Amino acid sequence: MAQNNSRKKDNFTLLAYFVLIGVSFYLIAYLNIFPGAVSYEEKSGGVVITQGSLEKSSVTVDVRDYETSDWLRMRLLQADIGTLQSFLTLFSLLIPMSIFFLLEHKRFDFLKISNTLKILSIALIFFVPFLLLIFGYVDTLEKIEQGLAALLIES
């Protein structure tokens with residue numbers, strides 16, 4: 001009976017973490033609840049670029065009169081926005097996974113090391129990807145802002 005109760009608790013905990021991953025993914029990737037989030041939408045004759053998470057600002061760029069270099073800048077900007085959204089997707093998955101591993105580290109018996117060393121190693125495993133994602137995110141965000149400024153000056 002105790003094993004059955006423990007299994008129910010494990011299933012509930014696992015379900016809670018999956019819900020956390022789903023909510024995190026929805027908030028970050030779809031609702032753009034993240035600093036500097038940028039998205040674009042192609043409409044007839046133009047591209048609408050929306051920047052910001054809570055206070056959104058939109059810029060509509062008319063691409064009908066663009067020359068080849070401007071088209072290339074626009075496509076590069078769209079590729080950078082896609083890269084930024086990929087970073088957001090990775091953030092939305094990495095945040096709940098790191099919470100899971102930091103809260104559930106006691107249950108990992110395959111690591112026969114001290115508790116402090118176990119927490120330190122798990123934190124380090126997640127700190128390095130977070131650091132790389134943050135640097136990549138900021139770099140891509142700066143590229144987007146520079147590309148958008150260049151497009152707005154040209155038009």
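Computed from a prediction, not measured in an experiment: that's the story for all the values here.
- The backbone N or O of I95 sits less than 3.5 Å from a side-chain atom of S98, completing a donor-acceptor pair.
- Here the NZ-CG distance, from K143 to L77, works out to 12.0 Å after rounding to the nearest 0.5 Å.
- The backbone N or O of S92 lies less than 3.5 Å from a partner atom in the side chain of S24, making a donor-acceptor pair.
- Follow the hydrophobic side-chain contacts under 4.5 Å out from I81 and you reach I134 in the same cluster.
- A continuous path of hydrophobic side-chain contacts links Y137 to F130 [ILVMFWY only; heavy atoms under 4.5 Å].
- I144 CD1 to Q78 CD: the interatomic distance, rounded to the nearest 0.5 Å, is 11.0 Å.
- The shortest non-hydrogen separation linking L133 to F87 is CD2-CD2, 3.3 Å.
- One distance of note links CG of D80 with CZ of R75; it measures 13.5 Å at 0.5 Å rounding.
- Once rounded to the nearest 0.5 Å, the distance linking OG1 of T89 with CG of L84 reads 9.5 Å.
- Atom OG1 of T140 is separated from atom CG of L88 by 10.0 Å, given to the nearest 0.5 angstrom.
- The cluster map of Ile, Leu, Val, Met, Phe, Trp and Tyr, joined by side-chain heavy atoms under 4.5 Å apart, puts L120 and V128 in different clusters.
- Rounding to the nearest 0.5 angstrom, the gap separating the CG atom in L94 from the CD1 atom in I99 is 10.0 Å.
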